[in-house]
Amino acid sequence: MQLFINIIVLASIYALIACGYVLIYRVSRVLNLAHGELMMLGAYLVLATASLFAGHPLVALGAAVLLSIVVGAMVYVFLMRKMTGEMVLAAILTTVALGILIRGVIVLVWSAQQQYPAQALNLANPSLTLVGDGHISLWSAVLVATNILVYGALFGFLRFGRWGMRMRAAGQNPLLAAQRGINLHTVYALAWGLSTLTGALAGILMALDSGVTGSMPIIALKAFPAALVGGLDSLAGGLVGALIIATAEVLLIYYVDPLLSDVVPFLVLLAMLIVRPWGLFGTREELDRV
Amino acid sequence: MSSVLLSVEKAEVVYKRAITAVQGISLSVRDGQIVALLGTNGAGKSTTLRAISGFLGLDDARVTEGAITFDGHRIENRPPHEIARRGVVLVPEREKVFQNLTVAENLAAPVPRAADKRRLEDQIYQFFPRLADLRGRVGGLLSGGERQMLAIASALMCRPRLLMIDELSLGLAPVVVQDLTRRLIMIRDQLGIAILLVEQSAAVALSISDYAYVMENGRIVLDGDRERLNSHQDVQEFYLGQSDGNGQDSTTARRSYRDVKQYRRSRRWYG
Amino acid sequence: MFRSTPRASGYYRTGYGQDLALIQTRTERISLAILVTLAIALPFIAGPFLLDLACQVFLASIGALSLMLLTGYAGQISLGHAGLIAAGAFTTGILAREIAAPFWITLPASALTGILLGLIFGLPSLRLRGLYLAVSTLALHFIVIYLGGEYETKRGFSTGILIDPPSLAGFKLTDGRAWYFVLLLAAAASLMICINLLRSSSGRAWRAVHARETVAEALGINVAGYKLLVFVISSSMTSVAGCLFAYYRGFVSIEAFDLFLSIQYVAMIIIGGMGSLLGALLGAAFVTLFPYLIESLLALLPNIQKFAGDIFAVNYTAFGVVMILFLVFEPLGLVGIWRRLQNYFLLWPFKYRPLTGARK
């Protein structure tokens, strides 16, 4: 039972992060390797807002979440906008450089020590007992619930929302979308904002559960295979991919070797790339976009 | 005479800060006019279209000289969505529909949401009744002709005042092209919009246009109304593939366009 | 030597020998002579610190050149370069440690590891392109690093493996000056290999594959074969660089080969300028020297103590900023700046190249 809960929690973490990769990739065909750093930034923003709104933990959390949307949109407006039309490699590297930059700045501002936003907000993290003698921490449970909520909202938005449809249109054929009067910059900024929002949610909830250090982006790097296994342009794929990766990771760590934790996602990824490079649910696109 | 809607004045386009692709061309389109832009590959037609519709930035190119004015507003080097909202809408040569969106979604995606959107949609389904039957079909599964119809239809959803069509006839059967040109004239007459056609097939273009320009090497070398161009010897010979006036049959006397042109030019220059 | 641009005034070749010659004009001969003299004279002028910097640049150059071959010319993106360097370094470390293998065994062994890994890294490229290929090399990087880490912990070298300096015919290579010449030679040799590969049929095939695979295939180029070839050559060169690195440092530890190193190598070829060997060299020098530059700049600031503890964070930040600046404002890299200067003087007083015969 506990193993099952662990899998669900880990899968939720990966899924929540993976949908950020999917959003940006689907709309602008850019792989955002700074996603982990942006997620970590969200967690650190809670520290900042916690001291700003001392005594109002919910306000502080809300402010941090809103700020993360702004940060995401700003990343697009001030940086990625200049990379439209460049090589894929250049765009990816720009996000890598951005990640490096954010990491450096975070250490400069908040130091490299482990920090606990939950303490700063005076929030407890009790362990809940579930049926079958399984335990789950409060914030992990919140994370699972948030994940379900986020995916539900995103599905609805992309399927039925007017801007959701425009995002799909822009992702498929940006030139034509621009011709039809869709402001690509708005769509892309929206995608970046939403993606950073989901990432920040994941980061904040993880930080509330177990604190935050500079090594948090590694988790996002491990969530990336989840997005790819499911199919980089498919939301549903993100969920399924996360479940697969989390299951494999938890079981292998439990039964084989804890050291494997860092490579399992990438082993699964390689296997997937060999069998079906475009992922379980992804559309089989032309793979040569260099 | 109707007023000038779009005017390009002595525009020059430079790619990558190094290569000049269009050298000082001027053209104008009037309200309700169908204008054709002719020329072989590499003449600079597409670059001109891109300059008008604002797509140069993606190729690291820009209009360095001259002006492009639409309805009294300067639009050179403006972003494409802004130009589209002003009423200049392009039907591109390739990838002209959203492949994974249905026909209905393709028509719903354009941004300037007119208040009478339903009426416009009905009107468009009148122009292209075929599309009404295909409403739920995904764009990628349409045939070439249906795709061209959908592209024009979704462009019309932007309420254009100037519709630009890049290579209307490319890859389409003559029957389909004939049908499309008939519908285009219908659209022009009913919606009162201007149309700018970029074509390699001069026969198609000259059959419906009121005025035409011929481009070559980044310059406009010839222009005039339909009658003038249709009777112009060079055009007859090189674009329409007719006999060159000496009674030779077109199939036997089809010479390389460039060679003859060069010869004729030098003859003109050197007397 | 690195130029493909036409010269300003008429220089005409009258025989195939001239066409094949690497050094074609007198200016080139003179500048090369000056360069060589400077390179030879440097260790006798510079102190040990500068020598160490030069050695690091040479080591990085080998890695950057091989990555340029792979990415800049054959168009195969790799984010697993650090894994290959690690493979070479670990082959050397393990062999030296376990069976006390001498230099002349570990070096070819490293190259062999590189060839094997090149085949493995290259296999996905037969099916994947662009982004997906980059991701697969990234995955392989993590797997190589994992294996190295496993070895370290299982054998009890969790802090790293110590390696004795290499000895050849009774001569121990410990002196900084001697190292300088060895690494200079190695870098020069890699440069020559790259130049010659690129101007032979393989180089043309790689460029064709880069431009459009389907067309290359239609022209009778064995696309799969040439892709594997470039992976094999590039990774064996990289592995050799890893072997030299291990000896030079005298110490191998898995921490040195994290993802950041891979990114640094990619940064070298981007900052230097894609598709140019000169760019690889310039980029290698720039990225290697950059942290030292930042450090010395920081030393000039008055309140240095404030940052002293976070010097690596400052470095990180600055590196991120510089990389972004290059990517956004000078996508052609240092070579791009160089070429523009050249063009400016060649074309002066004109601004643009004419339409006909334009170089894209």
Side-chain angles (χ1 to χ4, degrees), chain A residues 22 25-30 76-77 80-88 90-91 156-190 231-237 278 281-286 289, chain B residues 16 49-50 52-61 78-102 104-114 117 138-140 147 150-160 162-166:
Chain A
V22 172
Y25 185 80
R26 182 165 182 164
V27 175
S28 63
R29 303 282 138 173
V30 168
Y76 175 73
V77 172
M80 296 314 291
R81 203 163 84 121
K82 308 222 162 41
M83 298 310 289
T84 32
E86 293 283 341
M87 289 191 309
V88 170
F157 174 68
L158 284 177
R159 191 81 196 80
F160 304 111
R162 182 173 291 164
W163 278 101
M165 184 170 63
R166 284 181 191 144
M167 272 169 92
R168 278 191 291 153
Q172 237 169 66
N173 191 341
L175 294 190
L176 188 61
Q179 276 306 333
R180 296 294 172 263
I182 298 174
N183 188 342
L184 288 182
H185 295 315
T186 315
V187 169
Y188 289 162
L190 188 65
L232 259 181
D233 57 353
S234 151
L235 261 187
W278 55 95
F281 293 84
T283 37
R284 182 173 190 170
E285 57 179 320
E286 270 205 69
R289 299 183 59 104
Chain B
K16 311 206 180 222
L49 262 200
R50 282 161 164 264
I52 297 171
S53 54
F55 271 111
L56 290 174
L58 287 177
D59 295 328
D60 193 13
R78 304 299 308 159
H81 63 91
E82 208 181 294
I83 295 173
R85 282 181 202 185
R86 281 208 187 284
V88 184
V89 179
L90 174 76
V91 174
E93 181 187 340
R94 278 170 298 172
E95 301 188 6
K96 51 187 82 178
V97 300
F98 298 115
Q99 308 236 347
N100 292 353
L101 267 57
T102 62
E105 282 178 325
N106 259 291
L107 290 181
V111 160
R113 305 298 297 166
K117 161 202 149 201
V138 170
R147 223 175 269 206
L150 177 58
I152 296 172
S154 90
L156 288 178
M157 285 305 284
C158 289
R159 286 211 159 273
L162 171 65
L163 181 67
M164 305 195 289
I165 303 176
D166 198 357

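A, B, ... follow the sequence lines: proteins, then strands. Residue 1 opens every chain.
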Open item on the list: I need the minimum non-hydrogen distance between V97(B) and N173(A), along with the two atoms involved.
Closed with: O-ND2, 3.8 Å

- [ ] Could you tell me the separation between the CZ atom of R50(B) and the CG atom of L175(A), rounded to the nearest 0.5 Å?
- [x] 7.0 Å

TODO: State whether the number of non-hydrogen atoms from other residues, nucleotides or ligands found under 6.0 Å of E95(B) atom CD is greater than 12.
DONE: no

Task: Whether Q172(A) side chain and N100(B) backbone form a donor-acceptor pair below 3.5 Å - done: yes

Open item on the list: Is any side-chain heavy atom of R168(A) closer than 4.5 Å to one of F98(B)?
Closed with: no

Task: Worked check of side chain to side chain contact (heavy atoms under 4.5 Å, CB included) between M165(A) and L101(B) - done: CA-CA 9 Å; M165(A) 184 170 63; L101(B) 267 57; 4.2 Å; yes

TODO: Measure across G181(A) and A84(B) and return the closest heavy-atom pair with its distance rounded to 0.1 Å.
DONE: N-CB, 3.7 Å

Open item on the list: I'd like to know which of S154(B), A151(B), P79(B) tops the heavy-atom pair count under 4.5 Å against chain A.
Closed with: S154(B)

Task: Among the listed options P92(B), P160(B), P80(B), A155(B), the residue most often paired with chain A at heavy-atom distances under 4.5 Å - done: A155(B)

- [ ] Can you measure from NZ (K96(B)) to CD (Q179(A)) and round to the nearest 0.5 angstrom?
- [x] 13.0 Å

Open item on the list: Please identify which of these residues, V89(B), L107(B), L90(B), meets the side chain to side chain contact (heavy atoms under 4.5 Å, CB included) condition with R180(A).
Closed with: V89(B)

